[in-house]
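Quick notes on the structure that follows.
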Amino acid sequence: MSQESLILHKPGEIEIRQVDRPSIGSNDVLIKVSACGICGTDRHIFHGTYPASLPVSPGHEFAGVIVETGSGVKHAAVGDFITVNPNIWCGHCPSCLQGAPHLCTAMRALGVNLNGGLSSYCVVPEELVYKIAPNVDPLQACLAEPVSCVLHGLDRLQIKAGYRAAVFGGGFIGQLMLQTLRLQGASEVTLIEPQAHKRKVAAELGFQAIDPFAGKSALEELADLDVTVDCAGAGDVLMQCVRATKQGGDILLFAAYPQGRTVSIEPYEIFRKELRVIGSFTYPDTQVRAIRLIEAGAYKLDSILTEIGLEEVEDLLQGKRDEDVIKGVVRMT
Ligand SMILES: [Zn+2]
Ligand SMILES: [Zn+2]
């Protein structure tokens, strides 16, 4: 049997074609993919600025229905509606052995090193599937992965109800970050974002949204924040975070800066203000909470998601839809 599959042959070269439906191993399940999100990491993979094993069918944010189980599968069943943790941990490296498997030095990921969700069917090891309520829209269910990442990032901070926060960068992750900060008790959350349509969706949800290039005053007035989050990964945003964060405050570096990129920073400010600059990479254990939040409708996503067809993915990866799409999600058929 064949299936439709989007394949990245090499950086910049994508093809949609019919390929053989994959076969599963004894501890795998076969997923009929319902929906798959396209994210910044996919864009980096497309441009060759994030390490991947090509050719590959990308897509690491996906949900679907189990249609086949291997002989050794015990906890998943045909018909289950599931979300996927795309990260496959080796189980043997120092990180895996010391309770931080998401920092596995031999990690492989579906959609990066193995075929992912931009195919009609995908092979997933049983331990990476998480059930989600069948009434959840697949376009939202597939976002369990990015929500899990955001929850892990904020878990790494010392945050309290009533704190003041700012998020730099209003792409999808930035929008999730705004909403999650509010869910966690922030009384004031500000978005700093140059693109008007991204500010607009945040403002409609009650967030303060400022344009960093519309005169300097608004940006300069941002001060003494308990938490700042860099979801932009561009320009001098990290230094702006350093300036805007209060003494003893936290800076979360959540943007996927291209490998090798350097930025200028004034270390004195980090020293004098005793700031914590905290990185975050994928997640070890937040997917169950992410699923609960999605099932509960905790995130307002209607104005942020755009349903696209498989044939539109390439335009998205090339940045041709940046003016109208914040988050493209493919409903797979
Ligand atoms: Zn992603
Ligand atoms: Zn490992």
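Just follow the structure's listing: the first ligand is 1, and inside any ligand the first atom is 1.
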### Task
Taking the Zn ion (ligand 1) as the reference point, name the nearest N/O/S atom of Glu61.
OE2

### Query
Any N/O/S atom, backbone or side chain, of His60 lying under 2.8 Å from the Zn ion (ligand 1)?
yes

### Summary
Vertex the Zn ion (ligand 2), ends Cys93/SG and Cys104/SG: angle to nearest 10° comes to 110°

### Cluster link Ile88 to Leu118, ILVMFWY, side chain under 4.5 Å
yes

### Query
Checking side chain to side chain contact (heavy atoms under 4.5 Å, CB included) against Val124, which of Val29, Asp28, Leu114, Ile24 comes through?
Val29

### Query
Hey, any chance Leu6 and Ile308 share a hydrophobic cluster, counting ILVMFWY side chains that come within less than 4.5 Å of each other, even indirectly?
yes

### Message
For the CD1 atom of Ile278 and the CG atom of Leu275, what is their distance to the nearest 0.5 Å?
### Response
10.0 Å

#### Entry: Angle in degrees, rounded to 10°, that SG of Cys90 and SG of Cys96 form at the Zn ion (ligand 2)
120°

